Amino acid sequence: MKDPVYVAVDIGATGIKLAAAAWKDEKLEVKDIYAVKNAPLVEAGGEYADIAYMLRVIREGLERFSEKYSCVSVGIDTYGNGYGMLDQNGKLVMNPHYYRDRRIDGIMDRVHEHFTDWELYERMGNIPIKTRGLFHLYQDVLEDSENIRRGSDFLPLPNLLEYFMTGERGAERTIASVLYLLDKDGENWNYEVLRRLGIPTNVFASLLEPGVKKGTIQESFSQNHEVQGVPVITVAGHDTESALLAVPGLNESKAFVSMGTSFIFGARVNEPVVNEASFCYGFKNMRGAFGSYSLCKDVPGFWILERCMEAWRAEIPDLDYDMVCQAVSEAGENRTFLNISDDRFRVSESNILTAIENYCIDTGQEPVREWKAVARCLFESYALYIRYNLELLGSLTGKRYESLEALNGGVRNTTLLQMLADATGIPVTAQSDWASACGNLLMQLYATEVFASREDLDRAAEHSCRPVIYRSRPSSFWEERLQYMKQRQLFEGE
């Protein structure tokens, strides 16, 4: 008899991971991992999410796991900005546009014909940023795209993939929230904004809470009888919200940063924070599982570093993360800093190194060109960005944060984690490097009634993860560099 496992499908902007885990001795035990890269599909000058590829990877991973294990259930979480439209026959109208596609350059000027940024924020609790799902939908309207002319059902990316596996439709709340489509408390679709932007409202169905059974895997998805009939659980579809479920004891005294292609930094709050200060500081409100809220902001994270590494490999073919971290330690003193949230770092650039150089020139700083110097500049800029925003977050919530909870793949970057501890002056607790998948699995256990309560889920998270704490080392270094960035107004717009 095969041992039972739960399977988490975690689809990031640059990679896909399937994790098969057993529930044993009151904790999750990972039995197998299936991981591949995930890159946008480039067609006719545009970038698209390759849905057929994602489904093939999910099928291959499940069929591989089924050779050794009995799959109890499957859950899918994804990055936060993909969606698809089904036509009236249930067919995908077109591959979703990749959220960094340059099609949305200039979209905010058109949005401002209908709303100011403040008006949008007041209604939706989210800072208007062009790469978000709402604005891609508005670009669909402006283009009179196939999505608008033929679309009948709107499905966020995780729910779109669920549909092709089960035939069941529905939009989960956490992923709809991060797509910028809900009202500020995350309860309902914001029909007022949708109507004024000309987005058809009849394509939006009732919202689903995470932790419900969506359906079962159908023969149309897999010919493998071991996989057919396996329940698909709608988990917290936004990967960051799944990840936060894997942080034991997360409360209002702890800040968090999810470190992946994007960095999502913030803290839990009791209710949405929507005021002039939160707007000016660029913080959004994100709806989570179990009625929770996060006050946070997301910025380009390892997206920038990965694009740099792609360019550096032209001369250093075997370059990896360990070599980059070593280079940061070896580089000389850095006097140039980036605001990593600058708009030019949010979209696909043909040459990221040129974009960095131009940023330096535009901000009156000495350009960094040698690869080790660029790496150190980038790492220190990451740390200073979090330090600066920790101050802003505390001023909004009135909290003094006891620790910074770091999670997801970036926790493997020990060099950056120590920088974060030193820069913020508080301990950094490195949680699981597979937090999104872990939270996904925990929600499946909750949905299948292995857990009787949210408290049971939290205890399971504590037993399943082994955090590592990075202590802050007192130094005037980071304060001096923070003041430098403030004086040069490098955080302007934050």
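These numbers come from a predicted model, not from an experiment. All values below were derived from every heavy atom in this structure, side-chain atoms included, with hydrogens, water molecules and symmetry-related copies excluded.
Residues Arg123 and Glu119 are not paired through a salt bridge, judged by the lack of any N-O separation under 4.0 Å between the basic side chain and the carboxylate. Under the 4.0 Å criterion applied to side-chain N and carboxylate O atoms, Arg100 and Glu47 are not assigned as salt-bridge partners. Under 4.0 Å is where a charged nitrogen must lie from a carboxylate oxygen, and between Arg268 and Glu252 no such pair does.
Pairs engaging residues 311-332 under the salt bridge (charged side-chain N to carboxylate O under 4.0 Å, His left out) rule: Glu330-Lys372 [sequence neighbours left out]. Sorted by first and then second residue, the pairs that involve residues 457-466 and meet side-chain hydrogen bond (donor to acceptor under 3.5 Å, both in side chains), not counting sequence neighbours, are Asp456-Arg459. Under the salt bridge (charged side-chain N to carboxylate O under 4.0 Å, His left out) criterion, the residue pairs touching residues 359-371 are Arg344-Asp362, Glu357-Arg369, with sequence neighbours excluded. Every pair passing salt bridge (charged side-chain N to carboxylate O under 4.0 Å, His left out) that includes a residue from residues 424-437 is listed here, sequence neighbours excluded: Arg412-Asp433.
Of the candidates Tyr385, Phe302, Phe345, Phe256, Phe302 is the only one forming a ring pair (Phe, Tyr, Trp, His ring centres under 6.0 Å) with Phe263.
With a 4.5 Å cut-off on side-chain heavy atoms, Val36 and Tyr53 count as touching. Contact annotation: the side chain of Val111 approaches that of Leu120 to within less than 4.5 Å [non-hydrogen atoms, C-beta and beyond]. Residues Leu384 and Ser381 have side chains not in contact (no heavy-atom distance under 4.5 Å, counting atoms from C-beta outward). You'll find the side chain of Leu490 reaches within 4.5 Å of the side chain of Gln365, heavy atoms only. Looking at Glu172 and Thr174, their side chains come closer than 4.5 Å, going by heavy atoms from C-beta outward. Residues Phe290 and Met443 have side chains in contact (heavy-atom distance under 4.5 Å, counting atoms from C-beta outward). Considering only heavy atoms from C-beta on, Phe283 comes within 4.5 Å of Asn389 through its side chain. Contact of the Ile11 side chain with the Val57 side chain is not registered, since no non-hydrogen atoms from C-beta on lie closer than 4.5 Å.
Ring geometry for Trp312 versus Trp371: interplanar angle of 30 to 60°, hence tilted.
Here Phe279 and Tyr121 bring their ring centres to under 6.0 angstrom of each other. Between His114 and Tyr138, the distance separating the two ring centers is shorter than 6.0 angstrom.
Ser472 places a side-chain N or O within 3.5 Å of a backbone atom of Ala421 that can act as its donor or acceptor partner. Here the side chain of Tyr382 pairs a donor or acceptor atom with the backbone of Gly301 at under 3.5 angstrom.
Take Arg473 and apply the side chain to side chain donor-acceptor pair (under 3.5 Å) test, not counting sequence neighbours, and it matches Asp422. Taking the side chain to side chain contact (heavy atoms under 4.5 Å, CB included) definition, one finds that Asp105 meets it with Arg102, Lys130, Val347, sequence neighbours left out.
The minimum heavy-atom distance between Leu137 and Ile148, with the atom names listed, is O-CD1, 4.4 Å.
Under 3.5 Å, the side chains of His112 and Asp117 contain a donor-acceptor pair of N or O atoms.
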CA sep, side-chain torsions, deciding dist, call: Asp298, Arg132, salt bridge (Lys or Arg N to Asp or Glu O under 4.0 Å): CA-CA 11 Å; Asp298 57 306; Arg132 301 303 176 243; 2.4 Å; yes
